[in-house]
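Each ligand, and each atom within it, is numbered from 1 in the order the structure gives.
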Amino acid sequence: MGRTLDNAMLNVGLKDVARDGLSDLGFRVEDVINQEHDAALGNGGLGRLAACFLDSMATLNYPAWGYGLRYRYGIFKQEIVNGYQVEIPDYWLDNNPWEFPRHEITVDIQFYGNVKKYQDENGRISHSWEDGEIVQAVAYDVPIPGYGTKTTNNLRLWSSKASSGEFDFQKFNAGDYESAVADQQRAETISAVLYPNDNLERGKELRLKQQYFWCAASLFDIVRRFKKTKRAWGEFPDQIAIQLNDTHPTLAIVELQRILIDKEGLEWDEAWSIVTKTFGYTNHTVLPEALEKWSVPLMQNLLPRHLQIIYEINLFFLQSVEKRFPNDRDILSRVSIIEESHPKMVRMAYLAIIGSHKVNGVAELHSDLLKTTLFKDFVKIYGPDRFTNVTNGITPRRWLHQANPRLSALIAEKLGSYDFLKDLTLLDKIEAFVDDKAFREEWAVIKRENKLRLAKHIKATTGFDVNPNALFDVQVKRIHEYKRQQLNIFGVIHRYLSIKAMSAEEKKKVVPRVSIFGGKAAPGYWMAKTIIHLINKVADVVNKDPEIGDLLKVIFIADYNVSKAEIICPASDISEHISTAGTEGSGTSNMKFVLNGGLIIGTCDGANIEITREIGEQNIFLFGNLAEDVEDLRHRHFYGDFKLDPQLERVFDAIKDNVFGDKADFSALISSIEEHGDYYLVSDDFNSYITTHEMVDEAFQNQEEWLVKSIASVARMGFFSMDRVTNEYADSIWNVEPLDVKD
Ligand code: GL4
């Protein structure tokens, strides 16, 4: 979520009042804003997308809530020590004025235990989940003020606590204080810490506990509110829509079915029809290592009744498939919710599809890939209409107005109002000013000031001076092999070696660059940590090399987070969105950079493709192999058909010559490409990447044309407003309309 104060003041229109008031007291509003801790309740793009949704839903007056966990420790703080990432716990809850504890809103959540079957006098069978342990969920509410509206929505976060029954006063009184407290701590552990992986699932029991705790508490809350209306159960899906933000809350499907049949006494079919009409499922990634699967024995132990219900759901589903495709035996094992492995696994994405009425991907290419690869069989079963695309967006309130107030003010001056913050398609009107020299000059001045602001941050945090006239080349996002920060740093080394080999005359023609990196590696992701290490070692060597001077600087900004992104995005000239084609669901920072007047270099992946369609091919630097060729290339590598790109070979030779410290530190990174199949196609794309960067340099030398590209691109970014996205979900999935809010 990042910080709240600035956003809240802007959304409710009180920032000027606050600035004046603080100034009377002798304070600067910026200093107060900077005191706030980022709320870091997610890992990367997935969580930030949810935060943009909340802003948009409130702004558009949709009656919508967010549900999540109130982690005591969100994503860790990153420090760089001797070039290595070090993780520090982030205790963000101290002095957090934005949460309202609701001690009166609690839900008892059950785990473990066993299932008893009962039969009444009419022969009707019912199930009861008994014994086990109880943990209490306590609600904490976070207000979400919309922009330019009276609407303030709610984000409800659940915190775990030992239920009063759980704290064992017997033990306590018998002097076994330690063990009584241990029980209490075990309960509180559930919401203690966010699992720090992005695009990776590891199947730990505590994570499954978190998921169920979150789903059960939220569902109880939703059902309780519905029951107060005294409506018939059949109206539930007309009153409520639940959107699953990836598969992490898929157990909510099973939990609602359990509530309806075990607690409310509905028949299976009636209940299941309510469930499937209520849920929608958004898939955010096709990476196989991110697809959630839970071991059956684990689930049997933790959630015995839920496992039974999953088996029932699967049975009815497979029966219907068998009826439709009587001659296709293989399809049953392919689409079964249960994978017949050792141990057996519950495939959460399949469960989410079967329990929802709509499934969507987050960019066109990604949604197409879902239909033609991962979920192909389900398209055959349910028909193509269940699968759709809703391309991601970002909130222009935070990512333009708040992050780049001067650009927002310039646009408002030209358009005559700030209405574009509520209807981003109005930006198209600034294209009329693209030939206006004075306007271009103001545009350039704003970019320069934003670069100076970032340069100041870099100086303060790394000690390095960077030249604000240089081309700022930025890649900030989670560190992952598929996002290919290794391609970027190899490109930087190539540039370094090339400059070293130049004559003094040749050097005069070089466009000075600052290569800026930022991002966290999951603590257990060794290869990602190696990439961070290499970036920092290259920075050590390059930044201190007197032959290089201002021609190249390499910067690693530690602890990349939302509030840093607000400084970095407005300051970039070019940003890198260079994932192996077909791997990035959407990407959303690509949108943030372009909306702030930066250009991008990217592969034909995720939302880059639609950004190109909107802003025009002449305004983006695309390179690399296409998604449709990736599988074939990998196949060829696997069978030994692989030749290392010669320019990349020169880069590897320098690393092997210990130019950037001990070569042994980076051997795994190199061998993954040279010897182990180059899964992410770094070598295949290297030449095209380098050549495209040369085109970037050339384009940057013509500042007037660069400005034209920058302005035209911003003008055409209206499509990527989160408001468009929210309206699409509301219309085509939730069937909900905005409320008429009176001022
Ligand atoms: C992600 C995708 O990796 C990212 O491309 C996308 O923009 C984001 C929001 O849809 O979701 N999926 C996972 S997992 N983490 C992400 O950031």
Side-chain angles (χ1 to χ4, degrees), residues 1 40-56 66 75 194-202 207 211 243-250 280-293 348-349 352 359-370 374 388-395 399 475-485 519-522 525 528 560-562 565 575-595 600 602-611 627 680 720 722 724-726 728-729:
M1 303 263 302
L41 297 177
N43 273 294
L46 183 84
R48 182 56 233 179
L49 186 83
C52 285
F53 259 118
L54 291 174
D55 177 86
S56 192
I75 188 67
L194 166 75
Y195 278 88
N197 307 307
D198 183 65
N199 272 289
L200 176 75
E201 273 308 319
R202 287 179 146 212
R207 166 85 173 180
Q211 293 187 347
Q243 192 66 30
L244 303 175
N245 196 24
D246 217 279
T247 55
H248 316 140
T250 301
Y281 157 49
T282 305
N283 172 287
H284 292 267
T285 181
V286 296
L287 293 196
E289 65 269 33
L291 296 181
E292 282 192 296
K293 288 177 190 175
M348 301 308 272
V359 177
N360 74 283
V362 289
E364 271 173 21
L365 173 70
H366 171 236
S367 299
D368 285 346
L369 286 173
L370 288 180
L374 271 191
T388 181
N389 170 248
V390 186
T391 299
N392 283 166
I394 55 174
T395 167
W399 295 112
Q475 187 176 19
V476 284
K477 49 185 83 224
R478 287 299 292 252
I479 311 290
H480 202 296
E481 286 165 284
Y482 89 81
K483 293 178 187 282
R484 297 201 297 190
Q485 284 91 355
K520 294 173 187 177
Y525 189 174
Y560 176 63
N561 61 13
V562 171
S575 64
E576 310 234 359
H577 307 275
I578 59 178
S579 47
T580 311
T583 61
E584 189 71 274
S586 156
T588 44
S589 75
N590 40 9
M591 303 165 192
K592 293 164 197 168
F593 282 102
V594 179
L595 187 60
I600 67 189
T603 43
C604 293
D605 200 19
N608 291 354
I609 296 173
E610 287 139 283
I611 292 177
Y680 296 101
F720 299 99
M722 193 48 132
R724 185 267 309 158
V725 182
T726 302
E728 274 185 32
Y729 277 93

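With rounding to the nearest 0.5 angstrom, the CZ atom of Arg478 is 9.0 Å from the CG atom of Asn199. Rounded to the nearest 0.5 Å, atoms CD1 (Ile611) and OG (Ser586) are 7.5 Å apart. The CG atom of Leu370 sits 11.0 Å away from atom OG1 of Thr388, with the distance rounded to the nearest 0.5 Å. Atom CG of Asn360 and atom OG1 of Thr282 lie 4.0 Å apart (nearest 0.5 Å). Distance CG/Leu291 to CG/Asn283: 7.0 Å, rounded to 0.5 Å.
Contacts with ligand 1 closer than 4.0 Å are made by side-chain heavy atoms of Val362 only, the backbone lying farther away. Contacts of Asp198 with ligand 1, taken as heavy-atom pairs under 4.0 Å, involve the side chain alone. With a 4.0 Å heavy-atom cut-off, ligand 1 is reached by no atom of Asn43.
Side-chain contact check for Arg724 versus Thr391: some heavy-atom pair is nearer than 4.5 Å.
One finds a salt bridge joining Arg207 and Glu201 here, because a Lys/Arg side-chain nitrogen approaches an Asp/Glu carboxylate oxygen to under 4.0 Å.
Protein heavy atom nearest atom 13 (C) of ligand 1, with residue, atom name and distance: Asn199 ND2, 3.5 Å. In terms of protein heavy-atom proximity, atom 16 (C) of ligand 1 is nearest to Leu46 N, 3.6 Å. With hydrogens left out, the protein atom closest to atom 5 (O) of ligand 1 is Glu584 OE1, 2.6 Å, a heavy atom.
Under a 4.0 angstrom heavy-atom cut-off, Ala290 registers as lying outside contact with ligand 1.
By heavy-atom distance, the residue among Gly585, Gly587, Gly45 lying nearest atom 7 (O) of ligand 1 is Gly587. When the heavy-atom distances from atom 1 (C) of ligand 1 to His577, His480, Lys483, His284 are ranked, the shortest goes to His284.
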